[in-house]
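Here is the structure we will look at.
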Amino acid sequence: MTTDGFTTCLWFDGQAEEAAHHYVSIFKNSSVGTIARYTEAGPGPAGSVVTVEFTANGQRFIGLNGGPQFTFNEAISFQIDCADQEEVDYYWNKLVEGGGEHGPCGWLKDKYGVSWQVVPTELTEMVTDPDQEKAARAMKAMLSMSKLDIAALRKAYDGE
């Protein structure tokens with residue numbers, strides 16, 4: 001391999017450049033890179049974007065304007081591990097703004113249909129606790145939520 005890691009290719013229907021700029025505006029350690037455009041050879045209109053390279057939170061992506069044949073679904077999602085409620089709220093709100101959809105258990109879809117999981121890091125500790133009663137209470141609370149509420153998760157975990 002010529003690079004470390006992998007580059008994720010996201011297939012859009014004409015919104016690859018817009019999406020790249022959107023994600024770069026949300027995440028730190030992000031930038032838009034090379035933008036490739038169709039030539040007279042096609043198949044898209046000459047000068048229109050075919051691919052855009054971008055980095056979001058240090059992760060490399062290629063946005064491809066491939067057309068309407070394939071769409072995003074929940075089988076693939078990006079998990080954002082959040083240190084606190086402020087981060088949960090920030091990413092939740094930024095990713096759903098402009099037409100996204102709230103989902104269950106910390107899941108959402110952004111306005112492009114990409115699925116995200118906005119998860120406080122301490123939730124994993126709670127639901128994997130060896131004390132099965134604590135873990136079950138945290139899991140039950142999480143299953144009842146859309147956006148995850150750390151204070152409510154802690155209360156459930158603690159049996160309050």
Side-chain angles (χ1 to χ4, degrees), residues 1-13 15-35 51-64 66 70-160:
M1 292 178 61
T2 60
T3 61
D4 293 330
F6 296 95
T7 301
T8 302
C9 182
L10 300 175
W11 181 297
F12 295 92
D13 184 15
Q15 310 120 322
E17 185 175 16
E18 174 188 317
H21 287 286
H22 178 67
Y23 298 136
V24 165
S25 76
I26 294 172
F27 295 98
K28 295 176 184 175
N29 192 19
S30 301
S31 62
V32 173
T34 304
I35 298 174
T51 61
V52 57
E53 296 177 4
F54 65 100
T55 301
N57 197 36
Q59 172 66 43
R60 294 185 319 260
F61 292 90
I62 296 279
L64 167 70
F70 301 109
T71 57
F72 298 109
N73 67 49
E74 294 82 355
I76 299 290
S77 64
F78 297 99
Q79 182 172 319
I80 304 168
D81 294 317
C82 300
D84 55 33
Q85 191 66 48
E86 184 178 351
E87 281 190 358
V88 169
D89 294 346
Y90 171 79
Y91 289 113
W92 184 268
N93 294 331
K94 286 293 190 181
L95 287 166
V96 298
E97 78 181 7
E101 300 173 21
H102 297 158
C105 308
W107 289 64
L108 62 87
K109 282 187 185 178
D110 67 24
K111 64 184 175 180
Y112 305 104
V114 176
S115 292
W116 299 85
Q117 298 174 59
V118 182
V119 181
T121 54
E122 65 186 275
L123 176 62
T124 302
E125 296 165 15
M126 290 181 202
V127 299
T128 60
D129 191 301
D131 182 328
Q132 290 297 299
E133 289 180 14
K134 286 180 161 184
R137 288 192 305 260
M139 179 66 76
K140 183 177 179 182
M142 186 265 307
L143 291 171
S144 72
M145 297 176 184
S146 185
K147 178 175 72 171
L148 300 182
D149 178 332
I150 297 173
L153 289 167
R154 282 184 195 137
K155 286 179 92 169
Y157 176 78
D158 291 337
E160 296 176 16

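Values in this document were obtained by computation on a predicted structure and should not be read as measured data. All residue numbers in this chain count up from 1 along the given sequence.
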From CG (Asp149) to CE (Met142), nearest 0.5 Å: 13.5 Å
Side chain proximity check, Arg60 to Thr8, heavy atoms < 4.5 angstrom: no
Test side-chain contact (heavy atoms from CB on, under 4.5 Å) on Gln15 and Lys111; report intermediate values, then the result. CA-CA 11 Å; Gln15 310 120 322; Lys111 64 184 175 180; over 6 Å; no
Would you find a donor on one side and an acceptor on the other, under 3.5 Å apart, between the side chain of Asn73 and the backbone of Ala75? yes
May I have the step-by-step check of side-chain contact (heavy atoms from CB on, under 4.5 Å) for Glu18 and Tyr112, ending in yes or no? CA-CA 10 Å; Glu18 174 188 317; Tyr112 305 104; 2.9 Å; yes
Going by ring pair (Phe, Tyr, Trp, His ring centres under 6.0 Å), Phe72 matches just one of Phe78, Phe12, Trp11. Which one? Phe12
Determine whether a donor-acceptor pair (N or O, by modelled atom type, separation under 3.5 Å) exists between the side chain of Ser30 and the backbone of Lys28. yes
For atom CG of Leu143, decide whether the heavy atoms of other residues, nucleotides or ligands shown that lie under 6.0 angstrom number more than 12. yes
Spatial distance of atom NZ (Lys155) from atom CD (Glu160) [nearest 0.5 Å]: 6.0 Å
Donor-acceptor contact present, side-chain Glu53 to main-chain Ile62, <3.5 Å: no
Evaluate side-chain contact (heavy atoms from CB on, under 4.5 Å) for Val114 paired with Lys109, printing each intermediate quantity in order. CA-CA 5 Å; Val114 176; Lys109 282 187 185 178; over 6 Å; no
Is Ser146 reaching over with its side chain to a backbone N or O of Pro104, donor-acceptor style, under 3.5 angstrom? no
Does the salt bridge (charged side-chain N to carboxylate O under 4.0 Å, His left out) test come out yes or no for Glu122 and Arg154, once each step is laid out? CA-CA 9 Å; Glu122 65 186 275; Arg154 282 184 195 137; 2.8 Å; yes
Would you say Leu95 and Ile80 make side-chain contact, with heavy atoms under 4.5 Å? yes
Enumerate the side chain to side chain donor-acceptor pair (under 3.5 Å) contacts for residues 123-140, please, sequence neighbours excluded, ordered by first and then second residue. Asp129-Tyr157
Ring centroids only, cut at 6.0 angstrom: are Tyr91 and Phe27 within range, meaning strictly under it? yes
If you compare all heavy atoms of Leu148 against all heavy atoms of Val119, which two are closest, and at what distance to 0.1 Å? CD1-CA, 4.3 Å
The test is side-chain contact (heavy atoms from CB on, under 4.5 Å); show your working for Gln85 and Asp89 and say whether it passes. CA-CA 6 Å; Gln85 191 66 48; Asp89 294 346; 2.9 Å; yes
Between Met126 and Leu153, what is the shortest heavy-atom contact and its length? SD-O, 3.9 Å
For a quick test of reading the model, state the closest non-hydrogen atom pair linking Ser25 to Tyr90 and the distance between them. O-OH, 4.0 Å
Less than 4.5 Å apart, side chain to side chain, heavy atoms only: is that true for Leu108 and Val118? yes
Between Trp92 and His102, does the ring centroid distance fall short of 6.0 Å? yes
Side-chain heavy atoms of Val96 within contact of Glu101, under 4.5 Å: no
Write down the atom of Ala16, the atom of Val52, and the distance for their closest heavy-atom approach. O-CG1, 3.4 Å
Indicate the atoms forming the closest heavy-atom contact of Trp107 with Glu74, along with that distance. CZ3-O, 3.9 Å
Quick one, Thr121 and Cys82 - any side-chain contact, counting heavy atoms below 4.5 Å? no
Using the benzene-type ring in the case of Trp, are the ring centres of Trp116 and Tyr23 under 6.0 Å apart? yes
